[in-house]
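Scroll down for the structure; my scribbles are underneath it.
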Amino acid sequence: MRFLIIDDNEDMRRSIINSICVDGDEFCESEDGENAVEYFAQFRPDWVLMDIKMKKVNGLVATRIIKQKYPDAKIAILTSYDSEAYRTAAEIVGADRFYSKTDLERISLELREIVV
């Protein structure tokens, strides 16, 4: 599988990669939603794993832009800010899934089942 991981925290990106990616998976990383559309267009991932709070362009805005340009894009919001308000906002912008970063072990299996 191919993953685009967008998170402003490099250590968190490493944790996501180590928890979700298995042998043979490919991944691309970005530290901000600002480059998300460009990276998506170049890399064409099976899944985008998108943080919410980032410095320049937050994950909700980046998700909305990607989904407008690529309606079939699969985007999972992956955040520490697990609240009903964020879940609703993620749904409104078109996110396919919403996960707390505490669920990394479970996420990999779920995402693989959806893509197959």
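Values below: every heavy atom of this structure, side chains too, minus hydrogens, waters and symmetry copies.
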I'd like to know if K67 and D96 make a salt bridge, using a cut-off of under 4.0 Å between side-chain N and carboxylate O.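 Here K67 pairs with D96 in a salt bridge, since their nearest N and O are under 4.0 Å apart.
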
Regarding E29 and R14, does a basic nitrogen lie under 4.0 Å from an acidic carboxylate oxygen?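 Looking at R14 together with E29, the answer is yes, because their closest N to O distance falls below 4.0 Å.
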
Hey, are the side chains of [X] and [Y] touching, using non-hydrogen atoms and a 4.5 Å cut-off?
X	Y	value
W47	R97	yes
I52	F98	yes
M12	I16	yes
E31	K55	no
D7	K101	yes

Taking all non-hydrogen atoms of both residues, which atom of [X] and which atom of [Y] are closest, and how far apart?
X	Y	result
A95	T63	N-CG2, 3.9 Å
L60	A89	CD1-CB, 3.8 Å
A62	M50	CB-CE, 3.7 Å
I66	A36	CD1-CB, 3.8 Å

Partner residues of D82 under the side chain to side chain donor-acceptor pair (under 3.5 Å) criterion, sequence neighbours left out: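 Side chain to side chain donor-acceptor pair (under 3.5 Å) check on D82 returns R87.
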
Is the backbone of M54 close enough, under 3.5 Å, to the side chain of D8 for a donor and an acceptor to pair up by distance?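 It does not hold such a pair.
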
Of the options I20, I6, I77, which is the one that meets L49 in a side chain to side chain contact (heavy atoms under 4.5 Å, CB included)?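 Of the listed residues I20, I6, I77, the side chain to side chain contact (heavy atoms under 4.5 Å, CB included) partner of L49 is I20.
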
Among F43, Y39, F40, Y70, exactly one meets side chain to side chain contact (heavy atoms under 4.5 Å, CB included) together with V48. Which residue is that?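 Result for side chain to side chain contact (heavy atoms under 4.5 Å, CB included) with V48: F40.
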
